[in-house]
Chemist: 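What follows is a single structure, and I will ask about it in a moment.
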Amino acid sequence: MIPENRPLSMVAALATMESMTSEHITNTGSVMANHGSIQTPAQTQLRQDGSSNGGPSERKRDLRWRPAMLHPASLRVLLPWITSIIGIASALCLVIAWFPSTVWNTPIVSSDAPAHYYFIRRLLDEGLGAALHLWPHNSFYPPLFHVCAYFVIKIAALFGVQCSIYAAFNITWIIASGVMFPSGMLVLCRYFLQRWNRGNPISNLISRISQASPTSESSSVSESSNVSNQQVSSAVNRQYNVTFDATFVLQNLIGLFVPVLAVSSVCHPYGLLNAGPLIAFGFATSLLPFLIAATLRLFDAIAAREHIVKWLVITAVAGVVCLVAHPRIAFTYALILVPFIVLRLPWKLILGAFIAMCVGAVAFVALMLTSFKSDRWANPASWFHSHQPSKNLWESISFCFTDGLDDFPAILFALLLIAGTVAAFVCAFRRAAVRSSDSLSAAVSTVAPAFSADADALVSDAVVSAPGVSPVSTSGLPAASCSDAADVSLFAPSEPSRPRRNDRLRDVIALTAAFLLVTLVYVCTVTLIGALPNIISAPWYRDENRIMTMLPLVALPLLVIGVNALSECVSVCAASASFVPSASSFSAKNSVSSVPSLSSASAVSSVKNVSFASNWIGPIAAFLVIAILAVSAQIVCPSRTAARDTIIAHSSLNQSDPNEQLTEQKITVLRKVMERTGTQATIISDPLNGSMYAETLFNASMLYPIINARTDVPSVPFGRVETAFASGDGQQVLGTVCPLTDAPEYFLTMGDQAQSLQSFPYRAQYDSFHNEELIDAYVDGGTLVKVADYSQYGQGWALYRFGCAD
């Protein structure tokens with residue numbers, strides 16, 4: 001006899017299912033974890049009655065059941081799409097709402113902005129053939145962002161809309177930042193969620209109960225008992241039909257907020273629009289999550305030895321696209337993938353990957369040595385000699401753990417990240433321990449969620465026996481926890497055929513290692529100085545803005561897995577307290593050797609309790625926490641607001657310093673210059689005074705359309721013109737300048753170099769262009785002829801024409 005005063009844990013539910021006949025079990029549809037096709041015995045009986053009797057009433061009843069049968073599968077297909085669309089649309093709206101409205105008709109006045117505008121202009125003037133040599137000296141620059149902006153202009157023209165270079169630039173940035181990046185982060189995070197939830201303990205537990213297969217000895221049970229138990233099983237399945245997908249719903253609820261959280265941090269995409277803007281690198285960063293996800297799928301395919309070619313092709317295509325966006329993104333990609341390579345690939349492929357990385361590193365060093373001449377290469381401590389630390393050690397570490405968020409959202413993010421990572425490690429380690437101790441040959445393993453002292457006592461010595469089922473000892477089994485998952489053979493038929501063990505543990509270790517590597521690079525960049533920090537951060541030019549972009553790529557997936565692990569632990573703990581059927585539900589006459597008779601009401605009540613507690617308490621808590629984080633990050637965001645204000649200030653023409661790059665006066669002067677020279681004449685001027693913007697503002701032909709035209713490249717006029725102009729020899733100047741084009745050549749002065757460009761390391765090469773004594777000497781000698789005076793706008797401002805024969 002089973003004592004009535006002790007918790008019966010899972011004995012009642014198991015015995016209920018075991019009491020069913022083989023025929024009834026067969027007719028009872030399968031309940032699979034994470035799959036939506038469920039049939040109750042009543043549905044099966046209706047279908048059989050309709051086919052045998054052919055009665056119209058039975059056929060009508062069968063038709064009425066079909067929508068309910070299709071509903072879970074339809075929900076499973078539609079829900080991911082619905083949540084994805086809502087999440088990405090929300091992220092896009094946030095990016096658009098943040099975007100400064102002042103830069104739609106005027107340029108962003110910063111160091112790299114003129115180059116990007118110029119590259120788009122060159123594509124418009126020369127066609128897509130210029131994509132491979134965008135620089136003024138015809139060398140390669142990653143063209144993907146600018147090609148996309150070019151197509152935006154061309155597509156708008158098809159509809160009769162004239163789209164400016166600045167508008168196309170902005171639209172391309174918004175699409176990349178508000179659509180591509182959040183979509184990629186959603187794909188990446190859902191990949192980790194699917195792997196993590198491959199074996200949800202509660203859903204697998206109920207699945208095992210429903211799929212218990214008694215032998216023919218169960219036929220000795222009376223027909224009335226069979227009917228009663230079939231009704232109970234039908235009620236259990238119907239109840240579970242509504243609740244078994246809580247894990248699936250949680251994945252989609254978290255997925256709903258992943259795109260929003262992806263664009264909540266100043267790290268990316270907002271920081272790069274303010275810094276430079278570093279448009280090409282930011283565009284590649286927005287595409288990188290797709291490449292990382294494809295690479296991880298390739299690792300899965302290699303482990304399973306199936307679909308390898310498919311994922312190899314997808315990864316290769318994604319890699320080429322990212323490299324065309326910006327080749328330097330390869331360093332970010334390699335840094336994040338190193339832990340996954342070590343933990344998930346065979347040793348031969350690990351060796352091959354590291355050989356490829358070493359070859360790439362050597363090629364990068366060779367490129368730097370040949371492209372940038374310097375006498376400091378042998379002394380790494382002297383690299384980046386002008387760099388100054390911007391944060392102390394605590395500030396840099398806390399910035400990483402908060403993903404660049406501010407105030408309350410930052411604290412909440414850090415707490416969830418730390419607590420979730422700890423929970424994920426605990427769950428992963430306990431699951432690995434359980435799997436290593438369990439027998440993999442067992443068809444069904446019994447998991448007893450018994451956390452109370454009474455239940456533990458029962459589990460330690462209970463042996464469940466029923467007619468038609470071999471006795472199953474529950475002694476030695478661990479208490480149900482976040483590690484108690486079903487065997488991979490019992491669920492998820494879409495997974496690769498080869499079993500993969502310890503996926504959770506490997507993912508948590510790899511993500512944590514990737515996060516720590518990114519943190520190391522960031523701390524070296526913004527806090528530490530010396531040879532080692534210079535070497536570590538050199539692939540990213542020791543630039544804080546580039547390294548910041550890596551934080552969301554590792555912090556957000558780690559946060560998502562952590563929240564999922566916390567939800568799972570909460571659910572299991574809630575289930576352990578709720579799924580303890582009362583002993584009074586059983587007949588006092590029943591013994592262990594007989595079949596317990598459980599009433600329908602009691603069974604359904606017990607399943608309702610465990611369904612709600614185990615399936616929904618954790619997801620609801622996770623949903624509330626993630627929702628609070630996502631919403632508060634939009635309310636409290638001073639860093640993003642500051643970045644936006646900085647861009648607005650850079651795009652404003654009302655500058656207190658008249659020598660800044662662009663002011664109202666300089667716009668007026670550039671417009672007057674173009675009215676006199678036209679668009680074909682070549683105009684030489686110091687680009688650091690803002691004259692380079694005439695290229696995209698008025699379609700001028702500026703010899704220096706960007707601040708760095710590179711004088712160290714052979715067979716280009718830039719260095720020769722600078723050398724000749726600084727020589728003071730009028731004949732040398734004319735002999736160098738006049739052959740440049742068949743059109744007239746002009747020289748424009750607009751004051752000193754802008755203060756905002758003083759960080760440009762090669763600014764001294766243009767000093768002769770604003771040397772007033774040298775210019776006056778050329779005027780006196782006839783080398784330059786003044787054709788327009790703009791001194792009313794600024795001292796010494798004027799337009800000159802070179803004294804060429806034309």
Side-chain angles (χ1 to χ4, degrees), residues 33-34 185-186 188-205 245-258 261 296 339-340 343 401 403 412-435 447 449 451 478-486 488 491-492 500-516 554-576 613-630:
N34 299 325
M185 290 304 301
L186 181 59
L188 183 60
C189 290
R190 274 190 168 156
Y191 166 81
F192 287 113
L193 278 175
Q194 289 170 359
R195 284 171 58 87
W196 181 269
N197 290 310
R198 185 175 292 137
N200 179 266
I202 300 302
S203 58
N204 291 330
L205 178 63
D245 258 347
T247 299
F248 172 73
V249 173
L250 173 61
Q251 293 183 32
N252 286 279
L253 292 178
I254 293 180
L256 181 68
F257 292 106
V258 164
L261 290 174
L296 295 177
F340 294 96
L343 291 172
F401 277 84
D403 194 31
L412 182 57
F413 189 97
L415 291 176
L416 287 176
L417 183 67
I418 296 172
T421 302
V422 172
F425 267 106
V426 171
C427 289
F429 274 118
R430 293 196 64 181
R431 164 177 279 194
V434 169
R435 283 190 171 182
V447 179
F451 282 84
S481 68
C482 54
S483 64
D484 298 329
V488 292
F491 60 91
R500 295 173 292 178
R501 299 171 60 99
N502 302 337
D503 281 349
R504 284 187 172 187
L505 184 58
R506 293 179 182 181
D507 284 347
V508 175
I509 294 176
L511 274 175
T512 304
F515 176 79
L516 294 178
V554 290
L556 198 53
L558 191 58
L559 175 78
V560 166
I561 282 185
V563 171
N564 199 81
L566 289 172
S567 169
E568 184 176 305
C569 290
V570 170
S571 294
V572 173
C573 291
S576 67
S614 64
N615 285 0
W616 292 112
I617 289 181
I620 290 173
F623 170 79
L624 292 177
V625 171
I626 293 294
I628 292 172
L629 176 61

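Treat the numbers as computed from the prediction; the structure is a model and nothing was measured.
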Chemist: List for me each residue that meets side-chain contact (heavy atoms from CB on, under 4.5 Å) alongside Leu186, sequence neighbours excluded, and say none if there are none.
Modeler: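 Leu186 satisfies side-chain contact (heavy atoms from CB on, under 4.5 Å) with Ser84, Ile88, Arg190, Val258, Pro259 only.
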
Chemist: If I compare all heavy atoms of Arg504 with all of Cys427, which pair ends up nearest, and what's the gap?
Modeler: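 Smallest heavy-atom distance, with atoms named: NH1-CB, 4.2 Å.
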
Chemist: With sequence neighbours left out, write down each residue that passes ring pair (Phe, Tyr, Trp, His ring centres under 6.0 Å) with Phe515, or none if nothing qualifies.
Modeler: Phe401

Chemist: What I'd like to find out is whether the side chain of Phe257 reaches to under 4.5 Å of the side chain of Leu629, using heavy atoms alone.
Modeler: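 Counting from C-beta outward, Phe257 and Leu629 never come under 4.5 Å.
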
Chemist: For Leu261 and Ala630, which heavy atoms make the closest approach, and how far apart are they?
Modeler: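 Result for this residue pair: CD2-CA, 3.8 Å.
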
Chemist: Do Leu296 and Tyr191 touch side chain to side chain, with heavy atoms closer than 4.5 Å?
Modeler: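 In contact.
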
Chemist: Just jot down the salt bridge (Lys or Arg N to Asp or Glu O under 4.0 Å) partners of Asp507, sequence neighbours excluded, or say none.
Modeler: Arg195, Arg344

Chemist: Could you work out, with side-chain contact (heavy atoms from CB on, under 4.5 Å) as the rule, every residue matching Leu343, not counting sequence neighbours?
Modeler: Ile509, Ala510

Chemist: Where do Ala423 and Leu566 come nearest, in terms of heavy atoms and distance?
Modeler: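 Here Ala423 and Leu566 meet closest at CB-CD2, 3.5 Å.
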
Chemist: For Ala424, enumerate each residue passing the side-chain contact (heavy atoms from CB on, under 4.5 Å) test, keeping only those at least two apart in sequence or located in another chain.
Modeler: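 Ala424 satisfies side-chain contact (heavy atoms from CB on, under 4.5 Å) with Trp196, Val508, Ile561, Ala565 only.
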
Chemist: For Val560 and Cys189, work out which heavy atoms get closest and say how close.
Modeler: CG2-SG, 4.0 Å

Chemist: Using 0.5 Å steps for rounding, measure from the CG atom of Leu412 to the CD1 atom of Ile626.
Modeler: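 Here the rounded value is 8.0 Å.
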
Chemist: How would you list, by chain and number, every residue that makes a side-chain contact (heavy atoms from CB on, under 4.5 Å) with Ala513, sequence neighbours excluded?
Modeler: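 Per chain and number, Ala513 pairs via side-chain contact (heavy atoms from CB on, under 4.5 Å) with Pro339.
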
Chemist: Treating Ser567 as the side-chain partner and Val563 as the backbone partner, does any N or O pair qualify as donor plus acceptor under 3.5 Å?
Modeler: no

Chemist: Measuring from Thr421:OG1 to Leu416:CG, what's the distance to the nearest 0.5 Å?
Modeler: 10.0 Å

Chemist: Indicate yes or no: at least one non-hydrogen side-chain atom of Leu556 is less than 4.5 angstrom from one of Leu188.
Modeler: no

